[in-house]
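Each remark here refers to the structure printed beneath this line.
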Amino acid sequence: MTDKNCVFCKIVAGEIPSQKVYEDDKMLVFRDIEPKAKVHLLAVAKDHFKLLSEMDGERAELLKYMLCKIPEIAAENGCGNGYRLVINQGEDAGQTVFHLHIHILGGEILPW
Ligand code: 5GP
Ligand code: ZN
């Protein structure tokens, strides 16, 4: 599924340029445009869904796939010494793009 008004669907489709660091048939990882750490990557599923509350079996498999790939991608991008994953859910958490994504933050000692 794609949403024609979604910025991350547009990035997946190549309609908005991004600095890609990893891509396969299921997921894309690219640099955040406003990095909050020395390394700040965004991992998105190519399939559009908004929130963890929309999870089903297929999406859970997709999320599992992404989580299994992330350690290697993080290590290859300067986070070999540790990194933090963040999934903002909803407005109170500051979620601004409603296409499920995992922030990968690292490349330095992170303040809590
Ligand atoms: P959220 O606040 O929804 O958890 O995270 C959205 C993230 O997407 C933010 O950190 C923001 O900087 C990033 N972002 C928003 N628009 C773009 C864009 O067009 N390109 C890239 N590379 N990152 C974006
Ligand atoms: Zn989307």
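Every number for a ligand or one of its atoms is a count from 1 in the order of the listing.
Residue-to-ligand polar distances place Gly94 within reach of ligand 1: an N/O pair is separated by less than 3.5 Å.
Residue contacts with ligand 1 include His101, since one of its heavy atoms falls under 4.0 Å from the ligand. Using a non-hydrogen distance threshold of 4.0 Å, His103 registers as a contact of ligand 1. At least one heavy atom of Phe8 sits closer than 4.0 Å to an atom of ligand 1.
Judged by a 6.0 Å distance limit and a 45° cone about the ring axis, Lys50 is not positioned over the six-membered ring of Phe98.
At the top of the distance list for atom 15 (C) of ligand 1, counting protein heavy atoms only, stands Val97 CG2, 4.1 Å. The shortest contact between atom 10 (O) of ligand 1 and any protein heavy atom is with Asp32 OD2, 2.5 Å. Closest protein heavy atom to atom 18 (C) of ligand 1: Ile11 CD1, 3.9 Å. When hydrogens are left out, the protein atom nearest atom 3 (O) of ligand 1 is Thr96 N, 2.7 Å; that is the closest non-hydrogen contact. Here the protein heavy atom with the shortest distance to atom 22 (N) of ligand 1 is Arg31 O, 2.9 Å.
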Exercise for the section: Show your working on side chain to side chain contact (heavy atoms under 4.5 Å, CB included) between Tyr83 and Asn77 and close with a plain yes or no. Expected result: CA-CA 11 Å; Tyr83 55 92; Asn77 285 278; over 6 Å; no
Practice task
Dump the intermediate steps for side chain to side chain contact (heavy atoms under 4.5 Å, CB included) on Val44 and Phe30, then the final yes or no.
Solution key: CA-CA 9 Å; Val44 304; Phe30 54 95; 3.9 Å; yes
Practice task
Give the C-alpha distance, both sets of side-chain angles, the deciding distance and a yes or no for side chain to side chain contact (heavy atoms under 4.5 Å, CB included) between Val21 and Leu41.
Solution key: CA-CA 8 Å; Val21 303; Leu41 308 175; 4.1 Å; yes
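To the nearest 0.5 Å, atoms CZ (Phe49) and CG (Leu100) are separated by 4.5 Å.
Panel note: side chain Lys4, backbone Thr2; no donor-acceptor pair is recorded below 3.5 Å.
Within His99, ND1 is the N, O or S atom that lies nearest to the Zn ion (ligand 2). Between the Zn ion (ligand 2) and the N, O or S atoms of His48, the shortest distance is to ND1.
With a 4.5 Å cut-off on side-chain heavy atoms, Val29 and Met66 do not count as touching.
Below 4.0 Å from some heavy atom of Phe30 lie the following atoms of ligand 1, by number and element: 21 (C), 22 (N). Set against the non-hydrogen atoms of Glu34, the atoms of ligand 1 under 4.0 Å away are 12 (O). Below 4.0 Å from some heavy atom of Val7 lie the following atoms of ligand 1, by number and element: 19 (O).
If you look at Ile33 next to ligand 1, the close heavy atoms, those under 4.0 Å, come from the backbone and the side chain alike.
The 12-atom threshold is not exceeded at NZ of Lys64, counting heavy atoms of other residues, nucleotides or ligands nearer than 6.0 Å.
Taking the ring centroids of His99 and His101, they lie at or beyond the 6.0 Å cut-off.
Tyr65 and Ile87 end up in the same hydrophobic cluster when Ile, Leu, Val, Met, Phe, Trp and Tyr side chains are linked at under 4.5 Å.
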